[in-house]
Amino acid sequence: MSSTEILAEIQQVLADLEKISFVAHRDTQSALGAIQPYGDETVLEWVKACKALFEHDRDAGKAFMRGSVAACGASNTVLPWTRQAMRFLAWRGSWKAVDGYMEQLPQAYRSLGFEGEVRWAELGLDWCERHLDSGVAYFRCPVLELEGGHGINGIEDVVLPSVELFGNRRLALGTYLSGAIRVRNLLGIEAVLPWAKRGADILQSGRLRGEAFFKLESEESMALLLENLPGFRIPEHQRLLQLVIYAWFGFNLDLLESKWSPDKGRAFVETDGVALYLPMALPDREEAMLAVLHATGHLKFHSYERRYIDALFRAAGREHPPLDAEQRITWRPLFAAYGDDMIRFQLIFDICEDTRVDEQIGRHIPNYRQRLLRAADAAAIVDGPAAAYFRWARDLLQWTIEGAPADPVFEPLRPLLSNDANIVDAFRIANELYKHTDLPAIALLARDQAFLPGRSPNAARPVYPRRMLDQAEFGTGLEDQEDVVKNQEIKPNPEQKQIPKHAAGEDPDFDIPPEETAGSGGRVGVGIPQPAHVLGYAKGAEYSEKGKPYAEWDYRDNRYKRNWAWVQEKTLTELDANEATRLLAQYAPALQRLKRAIQTQKPIRMAPLRRQFDGDELDLEASITYVVEKRAGMSPQANIYRQRVVQYRDTAVVLLADMSTSIMQACAEGGGKVVDRIRAAMLLFAESMEEVGDPYGLAGFASKYRDNVSYYTIKGFDETLTSHTRAVLGGLTGRLATRMGAAIRHAVASFDRAPSARRLLLILSDGRPADYDDGGDERYLHEDTRMAVKEAGDAGIHVFCITLDAAGSEYLPQIFGAGHYLVLDHINDLPKKLPEIYLRLRK
Amino acid sequence: MKGFLNRLRGVERDIIQMPVEDTAAGPYYEAQGNEIEIFEAAYKKRLPVMLKGPTGCGKTRFLEAMAWRLQRPLVTVSCHEDLTSSDLVGRFLLEGEQTVWQDGPLTRAVKAGAICYLDEIVEARTDSTVIIHPLTDHRRQLPLEKKGQEIEAHEDFMLVISYNPGYQTVLKDLKPSTKQRFIGIDFNYPNEDIERKILRNEVPELAEAQLAPLVAAGRRARTLKDHGLDEATSTRALVYAANMMAAGITPLEACKAALVSPVTDDPELAEALLEIIRAHFS
Ligand SMILES: Nc1ncnc2c1ncn2[C@@H]1O[C@H](COP(=O)(O)OP(=O)(O)O)[C@@H](O)[C@H]1O
Ligand SMILES: [Mg+2]
């Protein structure tokens, strides 16, 4: 074709177009200028495409024409994409696909390159062939999102799994795509395939459930995502973090799970002044460590002290905000004065306060600030206003590490490095800086990226104001409390219900007046309070019905109160044989290991009895002594035998379990309640003891007021372990409070029936001794328990306490004596550890 | 001195040895408090002494140093559960057609006027602990039941026992009637300065820059005692770690080998200990 012929042909097509549609002609004309530089032949092919597409589907044609200029600009070509577009002619109603295709085309060229674009279009066209709606979904998905920084491979990885899903299960790409992209963005490209496979299985079990999974709308898909989050997974390292906190700061904190999920932005550790809230995962171990240390540092160094919070609000010229329903302070009013610029101020304030706190932590933990800086140096800085804050905070940190040399920029912050600086100083200095700062304005959305790794927004949650300093000034903070109760007779007092810390909680028994809990006791079924048959019981009845009285030690008068605590022997009537069986099955491997350990220990521990008067073997050493002494003219005793019979064992043990309400709480480590572990532990203990062969007893106790201490003998020394015993253990529940002294005295009495010389009382507890009528005076029952332990010692019975209370080492040494207790801070270990501890003790 | 000691290596020696009279040769002991004065006073009055404290905090070393200071021989008996009273006191032996009596270590110490150290006495059977009773009061006598005799202790004789009030010994605690016969000296891990001095002395090759973090890390590790560690990081363990480091092992590896793996099998606890160590050496 000659060039004139070509030009004529172009004119012809344009004229045809004009005849068909004014708009089509106009749109073609307006794009023409961009196409012309590529030559007449190209123009001809392009206008033909315009016409063909328009004739096929008006909207497809319009989309093509309108998108052409941009496509041309991005690709510097015309024919490749024009030919691709022509392929949409194969499908009826494909205009939506063309529309998406043309819209994404420039971006496809820009981010995928020429070859990448070809592949991208190819994948989409294949989808159109397979299922037009899926093709539409494909082309409508912004290329940037689709590739997610991974280029064309990213697109293939996200899209290809869906081909099979469509083939086997008719899952449309539209249902799958946005979820898949999110999964890839959150968890990385490798996570997409397993996720899709899991989804396919779910899809098989139900269409709706499956689609919800793929759209990430269902619980199960969210859970699956969280479970597979990359990085340092907090739930698996809960105990490690707790130990580290304890090692550095000397106290325990609750580590709770925050409601963070990856699409809510950056993962931070937060605090409410009492507990730390940790996300499911943090990017890496180091950041997790730093974040936990930093947040604990805020608590240790008084960022949330009541008096300072008050002072802050005063400094901000505001009224102390009323506490919320949960007695927490919300920070909002503090920042309200800064209006739209609130985030800028908050960030400056955070940097100031974090500088102060990190300086303090740095004095405490070697290399802490250096590690913080190293993490900051290694972090990728996200562009935008946040970067300025990030760099500033990092340089400031570096300055403090270098020993704060004279520096005009950082000089105003120097007071924060002093030992006596507090959060009010940080606030004051932040306000100064804020006046002159050239840090850019910043929006809430960008804020997350401003923090150095390990740091986080300090006012992220409402806080419970702390009172550490108030207490420090008055001593332990207990003294004034003690003054209140001093000389005030502690007596059973149903009106004045003082709920001790560890007795509070969901307590099914609490509403039953004390009169009714006496008797044969217990409840039938779980959670339904059911007074037992009370026959002829009334207040002031015979002692025999009130149980057995014991003296109680009153430290305030330094004397015993006679017949003060009344212990009633009761039987547990809630049986759960199924639970027992289930637990024994669950712990079968652990039990097996224990038994094997016991057996291997046996030959040593159960050494044949030496120096016996009869037996089946000679005791060589004894025989020689005998012969020698005989020769020496003495008349030695003929105890020269060894006996192999099962020996009379010399240790008897009672395991006494605290059965107060608090054991009904959920385990901090997750996976059920504390009581579940106690049940399992007692079962395993019993089974192991059968193997060991020592005489043993099992018992539990609970109390409500001094005249109502229940003692449940689950198994006596002379009883055998039966399926009934196991069922009782399986049905164990918590109730009421912990009057430990009385229970110890009663347990000591039960040793009268024990056959052995060495006697051990093993107490299993999860908290302090406390009762409803101790008037909130913790010390009262502590002191009484201490005396009870001493009495036991005088009676030749060793008392040893195993506690699940992480704070146990604060009070147990005073009560049981150093070395006579063990804090088990890993409750899931209890079942396995309990028998082990006994074995070590009896060695 | 070294040469002299080397000649003694691998050679059988009698258990009763007078300390070498070389002023430079005394065992190195760093006092933590007034234990030396207390001990000397007790010795002056010939009162028996009980050294109380966790393992590896320097009890044995203290006694070695005291024996040398007081120029008395030291007889050490490590007690174990099969230790009978004959093992301490002595027994008859056959020699040809004759029987001869052989003194046990305690008897020999009583005769020679040595300091007798019963290490970890709670491990011994109760019947063996009773025989020391007459030795611990004004009588200062050792009954030799088998021979139907008793010995008045040499005027310089002194009895010392040690015991570690850890939780493994709850059931084996000494009877109060035994305990109250002794002058008690409480030992604990020394304070930071002293612990550094000890390490500096025990392992002079260790670089000062490694010594301070090692001691600090060890002390920090002790805070986890109640959280699953049966035995806290001892001074002895720190000396071991220092030796490993001086032998060219990296601090982290040395601490892992000397401070972590011997004391726990619990992976989380080991991690926490390592975290402490890492922080100090980072
Ligand atoms: N006060 C001290 N002076 C010198 N060395 C000490 C001291 N305390 C501990 N050590 C070191 O610790 C090691 C263990 O001490 P040792 O006396 O065997 O402990 P224990 O007898 O208490 O178990 C010693 O070998 C020594 O290296
Ligand atoms: Mg902070």
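Here is the naming used below: chain letters follow the sequence lines, and residue numbers restart at 1 for every chain. Computed from a prediction, not measured in an experiment: that's the story for all the values here. Note that these values count all heavy atoms, side chains included, but never hydrogens, waters or copies made by symmetry.
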Worksheet item: So, B:E275 and A:R285, do they make that salt bridge, N to O below 4.0 Å?
Response: yes

Worksheet item: Between B:F92 and A:M634, does a side-chain contact (heavy atoms from CB on, under 4.5 Å) hold up when you go through it step by step?
Response: CA-CA 11 Å; B:F92 283 107; A:M634 301 161 61; 3.4 Å; yes

Fill in: Part of B:R222 lying under 4.5 Å from any heavy atom of chain A
neither

Response to the item:
Taken to the nearest 0.5 Å, the spacing of A:Y246 OH from B:L224 CG works out to 8.0 Å

Practice prompt. For chain A, find which of B:R91, B:R278, B:E268 contributes the most heavy-atom pairs closer than 4.5 angstrom.
Written response: B:E268

Response to the item:
Ordered numerically, the heavy-atom neighbours of chain A under 4.5 Å found in residues 103-111 of chain B are none

Response to the item:
Bottom line for B:L93: the part with an atom under 4.5 Å from chain A's heavy atoms is backbone

Discussion item. Taking side chain as everything from C-beta outward and backbone as N, CA, C, O, which of these in A:D794 sits under 4.5 Å from a heavy atom of chain B? Side chain, backbone, both or neither.
Written reply: neither

Discussion item. With a 6.0 Å cut-off (strictly less than), is the heavy-atom count around CD of A:Q814, excluding the residue itself, greater than 12?
Written reply: yes

Discussion item. So for A:E286, is it side chain, backbone, both, or neither that comes closer than 4.5 Å to the heavy atoms of chain B?
Written reply: neither

Worksheet item: Would you find more than 12 non-hydrogen atoms of other residues, nucleotides or ligands less than 6.0 Å from A:E236 atom CD?
Response: yes

Item to complete: Take atom OH of B:Y240 as the centre, draw a 6.0 Å sphere, and report whether it contains more than 12 heavy atoms from other residues, nucleotides or ligands.
Response: no

Discussion item. Are there over 12 heavy-atom neighbours, none belonging to B:K147, within less than 6.0 Å of that residue's NZ?
Written reply: yes

